[in-house]
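I have placed the structure first, in the form of structure tokens, so that the comments after it can refer back to it.
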Protein chains: 2
Amino acid sequence: MMKKKISIKDIAKLTDTSITTVSFVLNGKGRISKEISKKILDVAQKNGYEPNRMAVGLRTGVSKVIGLIVESIGGPFFGEMAKVIEEEAEKGGYRIIYCSTNNNLQKGKDMIRMLSQQLVDGYIITPMKGLEKDIQNLVDNEKPVVLIDGYFPGTNIPHVLVDNFASAYNAVDCFVRSGYKNIGMVTADLGLIQLNDRSLGYKAALKDNKLKDSSKMLLKIPFDMDKNEGVEAIKAFIEKQKQMDAIFFTTNYLGTMGLQAIKDLKLRIPEDIAVISFDDNEVFSLYPPGITTIQQPTYDIAKSAIDILMAQINTHKLDASKIDLQIPSKLIERGSTLAKVSA
Amino acid sequence: MMKKKISIKDIAKLTDTSITTVSFVLNGKGRISKEISKKILDVAQKNGYEPNRMAVGLRTGVSKVIGLIVESIGGPFFGEMAKVIEEEAEKGGYRIIYCSTNNNLQKGKDMIRMLSQQLVDGYIITPMKGLEKDIQNLVDNEKPVVLIDGYFPGTNIPHVLVDNFASAYNAVDCFVRSGYKNIGMVTADLGLIQLNDRSLGYKAALKDNKLKDSSKMLLKIPFDMDKNEGVEAIKAFIEKQKQMDAIFFTTNYLGTMGLQAIKDLKLRIPEDIAVISFDDNEVFSLYPPGITTIQQPTYDIAKSAIDILMAQINTHKLDASKIDLQIPSKLIERGSTLAKVSA
DNA sequence: ATCATTTGGTAAAACGTTTTAATTGTCTAC
DNA sequence: GTAGACAATTAAAACGTTTTACCAAATGAT
């Protein structure tokens, strides 16, 4: 056992040819006769030759690895994303090296620094506040980069994400169509542009529908609040806003916290309060009476991101700086937004 | 911009020393005078020197990367796992390269082959039927390997997973304590040893409690069934087993399918049917009246796995072949197993 | 027959490290 | 003073590839 890996040099010796010849045959370059080619291919095959990635990487400067930096691979959204990205990358012979930042800025910076030690050919990153410089630096150094799930306003870094503004706008519209007029919103204080866009969509929709100003019916959960505290905060919020008859949660995890809060308060959905949450997931489809959600097109986002990245990698001088892909979401209507029966 | 990365050679030139000296200083080897050391360190620091991983890898044969091969990174269980593994690995300066097999044997084989092209120093793998040979081959070639979430009976590959037998046994016990006597089970037909162990635990518990033989009240969902078909199958199963008053789902996804089925049939939990599912997750805590679950110690499993792997990597001649870590699970009791009120 | 071209093949450099073995001084001990 | 020990430094080989530039032989054109 422990057969030493066979190298190109060994194959050369075995076939009585030169290293160059073997390399040429294996890569389909140069011009080598059919017979010699066949002999080399046979020997390579028989001995299970696999090129040494490190050597190739050192010589050519390409690693065939792309770095995926996300907030956390756990969770349905990024998990699903990672899966698609990995599958698509694999088709191009690329592998994924995965890093999570847990929303920790320093960790994000570290990750970028590590990966840039010539070990990845491109990056897919979920941006976070404070990482602008580091990412811009990659771009300036002509590293292929695609941002997903967020972007940096005012910079020229290609990005693909759901259309957050329109999605939130549509959610409010859905409430209105069903007869709800006092629509509150719960969001998080993470400094993420995507949450901000959702807020803007919400506010714009209120305004367009001539509904009362929302400043009162808006709750921002601090980023460092844990789950239980969050539930309590939401409960307090709901109790205070007596007239509120519908509530919009801007993220998945806020939505589940919200359900817990509503359950604790023994309120009925949608009779006492209608609900919409961002990010569809199993809880929402199962939880009675079914929670209306904004389903992010994870597949499309991931697919587009990897495609754009590959395009950058392959055609070296592609100008991707103008790519701003905002993909529409899908509103999944369930029981939580049934038409209101006026009291 | 696009400053060419600085190399050890450049630093040598800049400090008027030799390549060797720089390498020695940077790695704390050899014996170099304080003054020269300082000069070199300063220059390296100032220019943001980072060693070229490829070159190091080629020269030393270690990549500082470990391969994580799981069924699918999506899903709460593996996602959480991946997170812990990545965090722990990072402490030792290792990065994770991630691959999912989607339960596809060929893909699993391909992954192992790719990763073994000298690009990872160790493997964490969720085993699947048919991969025995390939994995054994890694072990024979002295590659560090740890299996998680499953194992190959009769082989000597270190593994860490939840104690599936005891977990299932405890679930049945919980039903019995609450007064349920006709306990059915729904499992999947994936050929996975862990599911088999769960079945065995279930059967043993039935026997020890002198309950009626279970062969009738056992449903096996074929591996290629989609979600809707699964729900239908479970509905049919429940309707057929009139006397069944409790049901045990051996996986997360079967559990949620089961909830859907029970909901469709308009049965009450636990009055009409008590429920326990493997793998705790948000749905189960939220879904009224709260579903009792077997919570896998994901953190412990992941932590142990990476620790064992690191131990193998660092102390080269560690005999890990006897490591068989079966970690107890935690039964989270919720409303779905409240004491039965006899009719 | 001679020169130009093509065809089939290879030597050698380079990528950026690590590490062995060698080379210079300096110092100690006799 | 000289032999050995030791300290500080370095030259050079090696890891496994890719690729440039070159060479010899065969073919074609005149």
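Throughout, protein chains are lettered first and strands after them, A, B, ... in sequence-line order, and every chain is numbered starting at 1. Everything numeric here is computed off the predicted structure, so don't read it as measured data.
To the nearest 0.5 Å, atom NZ of residue K83(A) and atom CD of residue E88(A) are 13.0 Å apart. Interatomic distance, CG of D16(B) versus NZ of K39(B), reported as 6.5 Å (0.5 Å rounding). Atom CZ of R95(A) and atom CD of E90(A) lie 7.5 Å apart (nearest 0.5 Å).
Note: CG (D16(B)) to C1' (dA8(D)) measures 16 Å, nearest angstrom. Separating the CZ atom of R53(A) from the P atom of dT18(D) is a distance of 10 Å, rounded to the nearest angstrom. Protein atom CD of E35(B) is 16 Å distant from nucleotide atom P of dA7(D), rounded to whole Å. One can place CD of E50(A) at 14 Å from C1' of dG16(D), the figure rounded to the nearest angstrom. Separating the CG atom of N52(B) from the P atom of dG16(D) is a distance of 17 Å, rounded to the nearest angstrom. In this entry the distance linking NZ of K5(A) with C1' of dA14(D) reads 20 Å, nearest Å. The distance between atom NZ of K39(B) and atom C1' of dA8(D), rounded to the nearest whole Å, is 13 Å. Taking atom NZ of K34(B) as the reference point, atom P of dA7(D) lies 15 Å away to the nearest angstrom.
Between D10(B) and Y49(B), every side-chain heavy-atom pair lies at or beyond the 4.5 Å cut-off. Put simply, the side chain of Y123(B) reaches to within 4.5 Å of the side chain of L115(B), judged on heavy atoms. Contact check for I193(A) versus Y151(A): side-chain heavy atoms found under the 4.5 Å cut-off. No side-chain heavy atom of V84(B) sits under 4.5 Å from any side-chain heavy atom of T298(B). Inter-residue side-chain proximity for L131(B) and K109(B) is flagged as met; some heavy-atom pair is nearer than 4.5 Å. Taking 4.5 Å as the limit, every side-chain heavy atom of I32(B) sits out of range of all side-chain heavy atoms of T17(B).
In the set dT18(D), dC15(C), dT10(D), the nucleotide with an atom closest to the side chain of N27(A) is dT18(D). Checked against dG8(C), dG16(C), dT17(D), the side chain of R59(A) finds its nearest nucleotide in dT17(D). Ranking dG9(C), dG16(C), dT19(C) by closeness to the A55(B) side chain, first place goes to dG16(C). Listed nucleotides: dT18(C), dT9(D), dG16(D). Nearest to the side chain of L58(A): dG16(D). When distances run from any side-chain atom of I8(A) to the nucleotides dG8(C), dT10(C), dT18(D), the shortest one goes to dT18(D).
Close to dG8(C), at under 4.0 Å from its OP1 or OP2, lies no side-chain N or O of R31(A). Phosphate contact (OP1/OP2 of dT17(C), side-chain N/O of K9(B), threshold under 4.0 Å): absent. At dT19(D), one or more side-chain N or O atoms of K29(A) fall inside 4.0 Å of OP1 or OP2 (strictly under the cut-off).
Counting any heavy atom pair closer than 4.0 Å across all strands shown, I36(A) reaches sugar-phosphate atoms only and no base atom. S7(A) comes within 4.0 angstrom of the backbone, heavy atoms only, and of no base. Counting non-hydrogen atoms under 4.0 angstrom, S23(B) reaches a base of the nucleic acid. Contact annotation for S33(B): backbone-only contact, meaning every heavy-atom pair under 4.0 Å involves sugar-phosphate atoms and none involves a base.
Considering all non-hydrogen atoms of both residues, P158(B) and Q312(B) come closest at CG-NE2, 3.9 Å.
Checking S18(A) against T21(A) by side-chain atom types alone, a donor-acceptor pair falls below 3.5 Å.
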**Asked** Tell me, for nucleotides 21-27 of chain C in 5' to 3' order, what letter each nucleotide earns: B for a base near a protein heavy atom under 4.0 Å, S for only sugar-phosphate near one, - for neither?
**Response** -------

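Sequence order on DNA chain D of the closest nucleotides to T17(B) and T60(B) puts T17(B) first from the 5' end.
Taking the C1' atoms of five terminal pairs at each end of the helix from dA1(C)-dT30(D) to dC30(C)-dG1(D), the two resulting helix axes are inclined by 60°, rounded to 10°.
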